[in-house]
Amino acid sequence: MSTSTRLLTGVLATTFAGTLLVSAAAQADREDWPESFTVGTASQGGTYFVYGSGWANLVADQLGLSGGGEVTGGPTQNLALVHGGDVAFGLTTMGPASDAVNGKSPLAPGIQMDNVCALFPMYETPFSITALSDSGITSISEIPDGARIGFGPAASTSDTYFPAILEELGVNFDRRNGGWSDLGGQLQDGLLDVIAFAAGIPIPAVSQLEVQTDVNIIEFTEEEQQKILEAFPVSAFQIPASTYTTLEEDARAVSMWNFAIAGCDLPEDFVYEVTKVTMENNDKMLDVHRSAATTIPDNIQYNTVLPFHPGAARWYEENGYEIDPSLVKQ
C-alpha cells in the first residue's frame, strides 16, 4: 500500500469514527426527549387548528419526531392541558394566560398553573363580527335585542371575552357556542344572527362564508373601540382590507396577543431545538398560515405574563434577544 493510500485510509477512518461519535452524542442528547408530542389547538375551522397542526408537522419533520395537532376547546383549555402534562405544547392568548397563572381560570378556579411556559409569539387575535349581508346588520349598534350570537367553543378566548365586550357596548344577546365551522354553517342556515370571532386572520370559516354567500364584516366605531380599550386587556387593531374580499378598506377592531406554550418540565434541549426550528424557518411558518408573519423573535416583548421556558430563553439570548431574568422559569 502506498504512503498516499495509507494516509487517505487513515483520514477516512478518522472521519468515520468522528461521525460515529457525533451521532452517538446527538443520540445521547435526545435520551430524555419525548418520542412524540401533541399540540393543543382549538376547533376545526379556526386559525388555531390550522396554525397549530401545521407547526406541529414542521417541528416533527425537522426534528425527526412524531407530532400533530389536537382539537381542543381553545386557549383556556390548552393552558390546563399543558399544565397537567396532557399535551406537550399548546396555543393561548395573554388574557386567559394571565387568569391561569393567577389561579383564576374558569376551568380550575384557585389553581395556579405554574407548569406553563412561553415558547414564542404567534400573532395578534383580532375581535371581529360577521353577519350575513341580507340581515341588514352593518354596525354593532344595529345588532337587535336577543340576537343569536355564536361565540366559538366554550371557554375559548372569544367566548371568555367577547360576550363581556358586547355587554359593555350595550348589546343584548342569546349566547351560543360551537366550533367555528359549525357556527359558520348555522349563520348561513339562518340559525344564528351574528358570529363574534376572536381568531387569527384570515379566519378560515369567514373566508369560506365569503365564497358561499355575501357577508358583512362589522367594525368597531372609534368610540366603541376606545371604550373597550379602557375596559379590557386588548390593543387597538386594524384588519387589513386585503384580508377578505368583502373588505374595501381596513376595519377597526381590537386584538389580543397569542403565544405558543410548553410544559415547563419538558427537557431544555428539546425545547431549544423546537424554538430554533420555529424562529429560523419563518418562510415555512408562512406556508402554514400567513398570520405567522408576526411569528418572529422581536415580538417576545408582548409576553409579560408567562415565564419563558429555559430552552426557549437560551435560543433568544444566544441570538441577541434580551429577556428579563425574572421572566425565565427557574
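The model shown is predicted, which means the values in this text are computed figures rather than measured ones. The figures that follow rest on heavy atoms only: side chains count, while hydrogens, waters and symmetry mates do not.
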Do F197 and P126 make a side-chain contact, defined as non-hydrogen atoms from C-beta onward lying under 4.5 Å apart?
no
Closest heavy-atom contact between L247 and A251?
CD2-CB, 4.1 Å
Just wondering, more than 12 heavy atoms not from D214 lying within 6.0 Å of its CG?
no
Nearest 0.5 Å, please: how far is CG in L79 from OG1 in T92?
3.5 Å
Approximate separation, where rounding is to 0.5 Å, of R148 CZ and L183 CG
12.5 Å
Member of N258, T93, T41 meeting the side-chain hydrogen bond (donor to acceptor under 3.5 Å, both in side chains) criterion with Y48:
N258
Between R252 and D250, is there a salt bridge with N-O shorter than 4.0 Å?
no
How far does CE of M122 sit from OG of S291, to the nearest 0.5 angstrom?
7.0 Å
Could you go through I149 and L192, starting from their C-alpha distance and side-chain angles, then the distance that decides it, and tell me whether this counts as side-chain contact (heavy atoms from CB on, under 4.5 Å)?
CA-CA 6 Å; I149 301 181; L192 291 176; over 6 Å; no
Start with the C-alpha distance between L132 and N216, add both sets of side-chain angles, then the distance that settles side-chain contact (heavy atoms from CB on, under 4.5 Å), and finish with yes or no.
CA-CA 6 Å; L132 297 184; N216 292 337; over 6 Å; no
Does one hydrophobic cluster hold both I218 and I228, with members joined at side-chain heavy-atom distances below 4.5 Å?
yes
Any luck finding a side-chain donor-acceptor pair between S156 and S158 under 3.5 Å?
no
Using a 3.5 Å distance criterion without hydrogens, assess whether the side chain of D269 forms a donor-acceptor pair with backbone atoms of G311.
no
Would you find a donor on one side and an acceptor on the other, under 3.5 Å apart, between the side chain of Q225 and the backbone of A253?
yes
Any Lys/Arg nitrogen of D159 or R176 sitting under 4.0 Å from an Asp/Glu carboxylate oxygen of the other?
no
Under 3.5 Å, side chain of D189 to main-chain N/O of L191, donor-acceptor pair present?
no
Can M256 be reached from I165 by stepping across I, L, V, M, F, W or Y side chains whose heavy atoms are under 4.5 Å apart?
yes
Using modelled atom types and a 3.5 Å cut-off, is there a donor and acceptor pairing between side-chain atoms of S43 and backbone atoms of W180?
yes
Evaluate the side-chain proximity of P96 to T157: yes if any heavy-atom separation is below 4.5 Å, no if none is.
yes
Give a yes or no on whether V234 and I203 share a hydrophobic cluster (residues Ile, Leu, Val, Met, Phe, Trp, Tyr; joining criterion: side-chain heavy atoms under 4.5 Å apart).
no
Using the side-chain contact (heavy atoms from CB on, under 4.5 Å) rule, take D193 and S135 through it: C-alpha gap first, then chi angles, then the decisive distance, then the call.
CA-CA 7 Å; D193 300 297; S135 71; over 6 Å; no
Quick note, ring pair (Phe, Tyr, Trp, His ring centres under 6.0 Å) partners involving residues 210-248, not counting sequence neighbours, are none
For the rings on F89 and W55, is their centre-to-centre separation under 6.0 Å?
yes
Examine distances only and state if a side-chain atom of Q330 and a backbone atom of V328 form a donor-acceptor pair shorter than 3.5 Å.
yes
Tell me the closest heavy-atom pair linking A262 and V82, and the distance in Å.
C-CG1, 3.4 Å
So, does R314 use its side chain to make a donor-acceptor pair with the main chain of H309 at under 3.5 Å?
no
So with a 6.0 Å cut-off around CD of E318, is the heavy-atom count from everything else above 12?
yes
Residue pair W315, E280: steps toward the side-chain contact (heavy atoms from CB on, under 4.5 Å) verdict:
CA-CA 10 Å; W315 185 90; E280 296 183 7; 3.0 Å; yes
Minimal heavy-atom distance between S255 and F127, with the atoms involved, is CA-CD1, 4.2 Å
Can you tell me how far the CG atom of L187 sits from the CD atom of Q212, to the nearest 0.5 Å?
11.0 Å
Taking the side chain as C-beta and beyond, is there a heavy-atom pair between E219 and I239 under 4.5 Å?
no
For P240, is there any backbone N or O sitting under 3.5 Å from a side-chain donor or acceptor partner on T243?
yes
Please verify the inter-ring angle class for Y123 with H289; under 30° counts as parallel, over 60° as perpendicular, anything in between as tilted.
parallel
Determine whether a donor-acceptor pair (N or O, by modelled atom type, separation under 3.5 Å) exists between the side chain of E224 and the backbone of T221.
yes
Taking all non-hydrogen atoms of both residues into account, name the closest pair between N177 and G152 and its distance.
ND2-O, 2.9 Å
Check whether any side-chain heavy atom of V194 sits under 4.5 Å from a side-chain heavy atom of T130, and report yes or no.
no
Above 12 or not: heavy atoms from other molecules or residues under 6.0 Å from CD of E322?
no
E210/T245 under side chain to side chain donor-acceptor pair (under 3.5 Å): CA gap, chis, key distance, verdict:
CA-CA 7 Å; E210 286 189 304; T245 58; 3.2 Å; yes
Let me check something: do V50 and V206 share a hydrophobic cluster, defined by ILVMFWY side-chain heavy atoms less than 4.5 Å apart, either directly or through other members?
no
Kindly say whether G263 contributes a backbone atom to a donor-acceptor pair with the side chain of N115 at under 3.5 angstrom?
no
In terms of hydrophobic clustering (I, L, V, M, F, W, Y; side-chain heavy atoms under 4.5 Å; direct or indirect links), are V71 and I261 co-clustered?
no
Would you say the side chains of E230 and Q226 form a donor-acceptor pair under 3.5 Å?
yes
The complete set of side chain to side chain donor-acceptor pair (under 3.5 Å) pairs with one or both residues in residues 292-308, sequence neighbours excluded, reads Y51-T295
Check the pair D114, K329 against salt bridge (Lys or Arg N to Asp or Glu O under 4.0 Å), reporting the backbone distance first and the verdict last.
CA-CA 10 Å; D114 55 4; K329 185 71 173 180; 5.3 Å; no
Distance check, rounded to the nearest 0.5 Å: K284 atom NZ versus Q62 atom CD?
5.5 Å
Taking every heavy atom of N102 against every heavy atom of Q112, the minimum-distance pair comes out as C-CG, 4.1 Å
Indicate the atoms forming the closest heavy-atom contact of F308 with A313, along with that distance.
CB-CB, 4.4 Å
In Å and rounded to the nearest 0.5 Å, what is the OG to CD distance from S53 to E70?
10.0 Å
Whether T213 side chain and L209 backbone form a donor-acceptor pair below 3.5 Å
no
